[in-house]
Protein chains: 2
Amino acid sequence: MKRIEGQQQLYYIEHNTIQSFFSFDISPYIEVFEFDKGDFIIQEGAEPEYLFYMVEGKAKLYVTHKNGKVSLINFLTPPIFMGEIELLNEEKYSKSIQTSSRSICIGIAIEKCKEKLLADAHFLKYLCIFLSNKSTVHSAKYTKHQAYPLENKLAEFILLSSHHDIYKEKHTEISDYFGVSYRHLLHTFAQLADAGIIEKTKMGYKIKSKEKLQALADEIK
Amino acid sequence: MKRIEGQQQLYYIEHNTIQSFFSFDISPYIEVFEFDKGDFIIQEGAEPEYLFYMVEGKAKLYVTHKNGKVSLINFLTPPIFMGEIELLNEEKYSKSIQTSSRSICIGIAIEKCKEKLLADAHFLKYLCIFLSNKSTVHSAKYTKHQAYPLENKLAEFILLSSHHDIYKEKHTEISDYFGVSYRHLLHTFAQLADAGIIEKTKMGYKIKSKEKLQALADEIK
DNA sequence: TAAATAATATGAGATATCTCCTATTATTAT
DNA sequence: ATAATAATAGGAGATATCTCATATTATTTA
């Protein structure tokens, strides 16, 4: 992680709509950070210092369980706020956020302007909408995940994350995301391949029948 | 469902802190409703009319899946806002809320004061905190549920919902809540009974070993 | 460039959970 | 009070998913 300053810092601030969320001048309170691939933006248990707004890159939200199991809760893509929960409550970070590619985040120093933020109706309204959407998406995902077997959820996911009919995500990551074992994920891929719906190639999995994949995905609400 | 008016209406308004969430006089916009056991406060697909604040009673939040399966997402207990998501976004209700006992809700007519609400920093701050807590709880529940077998989650639930070491919830409801089949829930109860941890009586299940139950629950993060 | 680490792959057997079926007992509505 | 409906109960067999073990192949790091 490193601070970005000067000309480059200005670039990121001006090319993003960060100011539009606030009704006061936010510039005195912001810093721009660059995170390398694999860096942690936020670490479970650490003291919150910044409200982050990711403008470039890709990250993953994790939680660690007592039994050592790690759950990948979500993929985070810009533009997105991170650490807003800790802004609202006096708590340490309860989850980790790790980049999966080089990322740029605008950081708003919490200590310096928490009070201003929490009195700004414009910002709060935006934050409410953000939180409520998050809650909707989350709740949909949750009910889905408990009501359908992996085959259906995977079909939906393959359709969403493939490019030009090629799927090439990391199995280790995706098994975490779905909260299933690596082994079972592979089983399910093999199952889809056996049914002639996808095919394994050097490049990744090739979608052979979008219709059948869609039919499986459509069984989900 | 029936409107409560006059003296009784005043009672409910004054004995609750509803005014404290707003920085303007909310009284012109509110009505008090009484719902009988089993009534729907909110129905999936209906047009949002009120932001509800439940002050008495008990309710359940449901979603219906395409495949007909119904998931009990949560138990709602006062004081709690309901329909706040639909206040923030232009959407129909996406879930149903059904009372499980006679309930009293204060309803705030959305149409009449949506704009005032969304400009009130005091209310918005409270709503942000409410939404963020909801999100935290929800996310904890979600990751828990996908990382542990029913036995552990049930142990935790029995400890939480028993009174004087007697557990007596409806199996049908609880199997929905955990998103498992009724059959499997019974299996798991039988399993705990076989292990001598609980015992079935006419009154409900009696906890024989709080320690063992706690040990099972403690395996969860 | 060798060694270490992470990701992929697959077999075998165990466990958690599901569906379908069939009875019995409470509760609710006519 | 009777019929209808909802809740409880448990058997049997299927399926989804897990754990553990073991190789092979990429990718990263010293």
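Nothing here was measured: the structure is a model prediction, and the numbers come from that model. In what follows, chains carry the letters A, B, and so on, assigned in the order in which the sequence lines appear, proteins first and then strands, with residues in each chain numbered from 1.
Put simply, OH on A:Tyr148 is 11 Å from P on C:dT19, counting in whole angstrom units. The separation between A:Gln146 atom CD and D:dA16 atom P is 17 Å, rounded to whole Å. Straight-line distance from the OH atom of A:Tyr182 to the C1' atom of D:dA21: 15 Å, rounded to whole Å. Distance CG (A:Asn152) to C1' (C:dC18): 14 Å, rounded to an integer number of Å. One can place CD of A:Gln191 at 14 Å from P of C:dG11, the figure rounded to the nearest angstrom. D:dA26 atom P lies 13 Å from atom NZ of A:Lys168, rounded to whole Å. B:Glu151 places its CD atom 15 Å from the C1' atom of D:dC18, with the value rounded to the nearest Å. In this entry the distance linking CG of B:Leu186 with C1' of C:dA16 reads 15 Å, nearest Å.
Under 4.0 angstrom from either OP1 or OP2 of C:dA6 there lies no side-chain N or O belonging to A:Thr172. A sub-4.0 Å separation between OP1 or OP2 of D:dA9 and a side-chain N or O of B:His171 is present. The side chain of B:Lys200 places an N or O atom within less than 4.0 Å of a non-bridging phosphate oxygen (OP1 or OP2) of D:dA9.
Across C:dT17, C:dT10, D:dT19, the shortest atom-to-atom separation from the side chain of B:Pro149 is found for C:dT17. Closest to the side chain of A:His184, from the set C:dA9, C:dA16, D:dA16, is D:dA16. Considering only side-chain atoms of A:Lys170, the nucleotide from D:dG10, C:dT8, D:dC18 that sits closest is C:dT8. Considering only the side chain of B:Leu150, C:dT17 comes nearest among D:dT19, C:dT17, C:dT10. Proximity note for A:Arg183 (side chain, C-beta onward) versus D:dC18, C:dG11, D:dT8: the nearest is C:dG11. Here the nucleotide nearest the side chain of A:Tyr205, chosen from C:dT19, C:dA9, D:dA16, is C:dA9.
Along DNA chain D, the nucleotide closest to B:His187 and the one closest to B:Glu173 are compared, and the more 5′ of them pairs with B:Glu173.
Ring centroids of A:Phe35 and A:Phe40 are separated by 6.0 Å or more, keeping the two rings apart. Taking the six-membered ring wherever Trp is involved, the centroid distance between the rings of A:Phe189 and A:Tyr167 falls below 6.0 Å. Aromatic rings of A:Phe81 and A:Phe52 (six-membered ring for Trp) have centroids beyond the 6.0 Å cut-off, not under it. Annotation: B:His184 is not in aromatic contact with B:Phe178 [ring centroid separation under 6.0 Å not met].
We find the CG-CG distance between A:Asn133 and B:Leu88 to be 8.5 Å, quoted to the nearest 0.5 Å.
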